[in-house]
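All remarks here apply to the structure that follows.
Each chain gets a letter, A, B and so on, in the order its sequence line appears, and its residues count up from 1. Values below: every heavy atom of this structure, side chains too, minus hydrogens, waters and symmetry copies.
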Amino acid sequence: DTGVSQDPRHKITKRGQNVTFRCDPISEHNRLYWYRQTLGQGPEFLTYFQNEAQLEKSRLLSDRFSAERPKGSFSTLEIQRTEQGDSAMYLCASRYTGELFFGEGSRLTVL
Amino acid sequence: GQQLNQSPQSMFIQEGEDVSMNCTSSSIFNTWLWYKQDPGEGPVLLIALYKAGELTSNGRLTAQFGITRKDSFLNISASIPSDVGIYFCAGPPGWVQGAQKLVFGQGTRLTINP
């Protein structure tokens, strides 16, 4: 499978715990994006990397959220001290110059 | 911030019917994109529009970039069961084409009765 891969697909955690999601983009894609999607809504932009550089962050990305792409390949999104409002689908997407390709998402449920 | 409003929010139709949905914005977009999302999956691009007035087809799907640059329409002809899903419009905000983030509408959920 050469698409965007996300892990885990589902995560259930208790409030206050930390969680980390991983995204493996399509191999030749230098641009990587994280979006968040809550029930009944469209995806909302969180952050964008070009190679290893994080070039843009949304105001939605509070200080409890951190994203990295250390070698310009895979990326991680960590949420510290999770809150119930963090429950959502976290989507990763990648592109080179053309179409944006989305992964299947990581669904987070915070109890 | 810029928002995209989709209409209708949901549709219940019979198999074989044609479908029309639209997307409007309070500000100008220079690119309009239409995505489909199946349950438990990420969105998949259906059609991209880059020029005002442009009409583009992809099989049974046809989309148009509104002349005012503030709206777009998606039509599906002769609907089939696999058309079920949520359809999103999206675009890069601002005047810069190729801007790095997309704004999405809230989606139109399509349900088909066989």
Pick one of side chain, backbone, both or neither for [X], based on which atoms fall under 4.5 Å of a heavy atom in chain B.
X        : value
A/Arg9   : side chain
A/Gln41  : both
A/Phe101 : neither
A/Leu100 : both
A/Gln37  : side chain

Is any side-chain heavy atom of B/Leu102 less than 4.5 Å from a side-chain heavy atom of A/Tyr33?
no
Can you check whether A/Leu46 reaches A/Tyr35 side chain to side chain, under 4.5 Å on heavy atoms?
no
Is the B/Tyr35 ring parallel, tilted or perpendicular to the A/Phe102 ring (thresholds 30°, 60°)?
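It falls in the perpendicular class, over 60°.
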Quick one: does B/Gln106's side chain have a donor or acceptor within less than 3.5 Å of a partner on B/Gln6's backbone?
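Such a contact is found between B/Gln106 side chain and B/Gln6 backbone.
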Modelled atom types, side-chain donor and acceptor of B/Ser57 and B/Thr62, under 3.5 Å:
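Yes, because at least one side-chain N or O of B/Ser57 sits under 3.5 Å from a partner of the opposite role on B/Thr62.
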Below 4.5 Å, heavy-atom pairs only: which of A/Gly105, A/Pro43, A/Gly42, A/Cys92 has the largest tally toward chain B?
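Counting heavy-atom pairs under 4.5 Å, the top option is A/Pro43.
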